[in-house]
Amino acid sequence: MSLHSKKEKYNKICCRAYIALGVAINVILAYVMFSFDLPLFLDTPGTLIAAGLGGPVFGVFTAMITNVVCVIFNRDSLYFSIINVILAMCYSGLIHSKKRKSMLKVPMYITIAAFVSGILGIAIQWLLLGGPQNRAISEMARVMAPGGEANFFLAAMIVNIGLNFVDKTISVGIAFTIDKLIPQKHKKAIQDSGWKQRPLSETDPIQRDRLKGRTSFLRRIVLMLLVASLSLVIIMSFISIRIYSDEIKEDYTHTAESTVEFAADVIDPEMIEEYIKKDGNVPGYEETKELLYKIRENAPGVKYLYALKIEERGCIFIFDLDYEDEPGYKPGEVVPWEDVFEPYMDQLLAGEEIEPVESNLSYGWVLTVYKPLKDKDGKTVCYVGADVSMPYVTSFTRTFLWKSWLIFAGFFVLILEFGTQFAEYNLVYPITSMTACAKGFVESDGEQTLMDTNVKAIRDLDIRTSDELEELYKAVCRMEADMAEQVRDIRYYADATAKMQNGLIITMADMVENRDSDTGAHVQKTAAYVRIILNGLKRKGYYAEKLTPKYMADVEMSAPLHDVGKIHISDAILNKPGKLTQEEFNIMKTHTTAGKDIMENAISTVKGENYLKEARNMAAYHHERWDGKGYPEGLHGEVIPLSARIMAVADVFDALTSSRVYKPPFSVESAFQTLKEGAGKQFDPKCVEVFLESSTEVKRVLMKYNRDIRL
């Protein structure tokens, strides 16, 4: 087993151990409080420990297990799970928040917890259980508000908030005490238990984006979980309510049917006419009525119980039991038919059985069950009826709905939190980490050091999701490493090629220079001056759109070839000790066009090499003048290629400061003065300006190659 696997297994063991510890603490303390009917609960210390150590998921998980286990001795425990879930999330938020001072966290949490627990606790008890379930709370509330249900509810809530303040103070104290006893390495193990890669610090850009809610991938996952969970809740609630409502209605229909069966057994069918004729003033009528009352009392949900005779003129009541403040109809009293029974009139007049009828009658929304009462000859003499109160039935359904929602609410939060954390550690963090490293690799723009740094960074992620994502991570690592090595190889071969090209250029330049006995180190000096002018123009911001790093490198590399055309000039003219005749000078000027031809032939052979294009420009136009009086084409101003304008300054300065058979070298100051006078006439003024501003560097080059120069 690898070190990573052992560490992961150890982290899982720590997590399970502390969740089990938290549940045990909660259940034991809650059982003691419940057994002695004390007004405290103490079912949250373990939840707070788990939430403080591992975050909301650990806290919510501990809270839900606690409430499930507590059902063993307190059947209503699960309805209050949502309260403990909220407390776990609030505690985790406050403990792990960096925006609040630590001294304010504890009293803030206790206050919030007391109000949440006190208000929701009483509301749930009132809604589902009819009032406070703890005798001490109920008695204290009655003392505070002796009259009125509303006052009693408010008093019970105040009492419950106060008791919860004490309860949560004790719970937080227990949680803090146990937290101090837990070894730091165990805390670290719990905090790192979810990571499927190298844990990210809070200062990591990926973590900061997640904390600021800017990780769109995570938002989409949370939204998907939320929509899916809510949809499931709505669908399941609708189905559950429908099924439960149908079952409740069926149960109460059976109850009503049993009720009319019992009622039919105690009513004497042979006495029906006597009861009607004498308005119930017949021996045995009151006794029968008392029996009917007892039957109704034992029939939950049955609101009205009666016996009536069906005639076309209406219903003739025989028995009709009083209900609360509603007096029943007297024996013999005729009541018109309700419209809802019109479809059943023929069956009722014929004395036949009818199916249960649900209706909203003048006296309320009821489910009516009729049973024909027959005499000894089998003739229907009346109907025994029972009305089930549908609001009574729906109240059970509504209570069931609230109970279902309260139970599911805690599990809903648990599923949402667990799903979110699972997505974070198994998807969001690995994907965003890989994306950040891949983006850095792409943005390295071929810089070898940056590429190597990014290769190391993505390897350090150590993503271990044990699925396709881990395979993707390994493939990306291999791809980046291979690309970095390929770029390294390409750069090596490119450097070798560049060195070879430079060697060829210098060799060609030396071949030309060696034919000219009067131009010592001309190639090296002019190349150095060109570099000085290029850097000066870049520093001053001149020709910024032109002076890219690539362009500057091409010009500097091409500088030695500016006189390559002299290879076509005869030695007699090239090395003549005296002044050239006009005819000889005209021949000498052809070295520019000859150089251009040589370079164009090279360009056609070596396609795409920009530095050769600049070599052509310098070879062809380095004798052009700014005022248009130069040769070979008489170009002027910025029409002359920039590289040629730069070379013109470098070439003339070197010619002035070098010894020739026909002249001694000029002093540096004299040469500078000549350039200054030629600026805007013979030379590009900007090139002259930056060259003169770099006089120190220029003199350094002169000192290197001209030992006898006058500075």
Side-chain angles (χ1 to χ4, degrees), residues 251-359 361-390 392:
D251 288 344
Y252 280 101
T253 300
H254 289 322
T255 300
E257 290 173 347
S258 300
T259 301
V260 296
E261 289 280 356
F262 285 121
D265 289 341
V266 301
I267 298 175
D268 186 354
E270 309 300 331
M271 294 295 295
I272 297 301
E273 292 299 329
E274 288 295 316
Y275 293 155
I276 295 173
K277 288 178 182 179
K278 297 183 179 181
D279 298 333
N281 296 320
V282 178
Y285 181 85
E286 291 298 329
E287 289 80 357
T288 301
K289 195 171 183 178
E290 288 299 321
L291 288 173
L292 293 176
Y293 271 116
K294 290 181 180 179
I295 291 172
R296 189 182 70 178
E297 289 173 2
N298 290 285
V302 175
K303 185 176 182 181
Y304 302 109
L305 183 59
Y306 48 86
L308 47 77
K309 187 175 182 180
I310 306 298
E311 294 184 357
E312 291 187 2
R313 59 178 177 150
C315 304
I316 303 173
F317 276 89
I318 303 163
F319 292 96
D320 189 23
L321 307 185
D322 299 336
Y323 179 77
E324 295 179 350
D325 295 332
E326 302 176 28
Y329 292 111
K330 296 178 181 179
E333 189 171 349
V334 181
V335 177
W337 284 101
E338 297 279 358
D339 293 340
V340 71
F341 290 100
E342 285 296 333
Y344 307 97
M345 279 300 300
D346 293 340
Q347 292 174 267
L348 291 171
L349 290 172
E352 299 174 356
E353 290 191 11
I354 64 171
E355 62 186 19
V357 179
E358 185 177 339
S359 57
L361 302 177
S362 57
Y363 50 85
W365 180 26
V366 294
L367 176 69
T368 301
V369 175
Y370 278 175
K371 177 178 176 55
L373 181 63
K374 300 180 183 293
D375 59 14
K376 60 184 179 180
D377 298 324
K379 179 183 177 182
T380 299
V381 294
C382 70
Y383 281 91
V384 179
D387 291 342
V388 176
S389 172
M390 292 307 293
Y392 181 82

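For clarity, every value in this text was computed on a predicted model and none was experimentally measured. All residue numbers refer to positions in the sequence shown, counting from 1.
- Put simply, the side chain of T255 does not reach to within 4.5 Å of the side chain of V388, judged on heavy atoms.
- In plain terms, the two heavy atoms of E352 and Y383 that are nearest each other are O-OH, 2.6 Å.
- Proximity of a side-chain donor or acceptor of E333 to a complementary backbone N or O of K330 within less than 3.5 Å is detected.
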Before giving the answer on side-chain contact (heavy atoms from CB on, under 4.5 Å), spell out for Y252 and L367 the whole-Å C-alpha distance, their side-chain angles and the decisive distance to 0.1 Å.
CA-CA 9 Å; Y252 280 101; L367 176 69; 5.5 Å; no

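- With rounding to the nearest 0.5 Å, the separation of OH in Y323 from OH in Y306 is 14.5 Å.
- Considering all non-hydrogen atoms of both residues, A263 and V384 come closest at CB-CG1, 3.6 Å.
- Heavy-atom minimum distance, P300 versus N298: CD-O, 3.4 Å.
- Minimum interatomic distance between E311 and W337 (heavy atoms only, all atoms of both residues): O-NE1, 3.0 Å.
- The side chain to side chain donor-acceptor pair (under 3.5 Å) check on T253 picks up nothing, with sequence neighbours excluded.
- What you find for A386 and V302 is that their closest heavy atoms are CB-CG1, 4.2 Å.
- Within the structure, salt bridge (Lys or Arg N to Asp or Glu O under 4.0 Å) contacts touching residues 253-269 (residues at least two apart or in different chains) are E261-K371.
- Taken from OG in S359 to CG in D387, the straight-line distance is 7.5 Å, to the nearest 0.5 Å.
- Note that the CD atom of E297 and the CG atom of L321 stand 9.5 Å from one another [nearest 0.5 Å].
- More than 12 heavy atoms of other residues, nucleotides or ligands lie within 6.0 Å of OH in Y344, so this atom counts as buried by the packing criterion.
- More than 12 heavy atoms of other residues, nucleotides or ligands lie within 6.0 Å of CD in E270, so this atom counts as buried by the packing criterion.
- Rounding to the nearest 0.5 Å gives a distance of 8.0 Å between CD1 of I354 and OG1 of T368.
- Evaluated for a side-chain contact (heavy atoms from CB on, under 4.5 Å) with C382, the options I276, L373, D375 yield exactly one hit, L373.
- Identified under the salt bridge (Lys or Arg N to Asp or Glu O under 4.0 Å) test for residues 276-293, with sequence neighbours left out: E274-K278.
- In terms of heavy-atom proximity, T380 sits nearest to G351 at OG1-O, 2.9 Å.
- Not counting sequence neighbours, the partners of D322 by the side chain to side chain contact (heavy atoms under 4.5 Å, CB included) test are Y293, P327.
- Ring geometry, Y370 versus F341: the interplanar angle falls under 30°, so the pair is classed parallel (tilted spans 30 to 60°).
- The side chain to side chain contact (heavy atoms under 4.5 Å, CB included) test applied to L291 returns V266, not counting sequence neighbours.
- K379 pairs by the side chain to side chain donor-acceptor pair (under 3.5 Å) definition with nothing, not counting sequence neighbours.
- Residues that satisfy the ring-ring contact (aromatic ring centres under 6.0 Å, His included) test with Y275, not counting sequence neighbours, are Y285, F319.
- By the side chain to side chain contact (heavy atoms under 4.5 Å, CB included) test, E353 is found to be paired with P372, residues two or more places apart in sequence or in another chain being considered.
- When the side chain to side chain donor-acceptor pair (under 3.5 Å) test is applied to E273, the partners found at least two apart in sequence or on another chain are K309.
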If you apply the rule side-chain contact (heavy atoms from CB on, under 4.5 Å), what do you find for V369 with T259, and how did you get there?
CA-CA 9 Å; V369 175; T259 301; over 6 Å; no

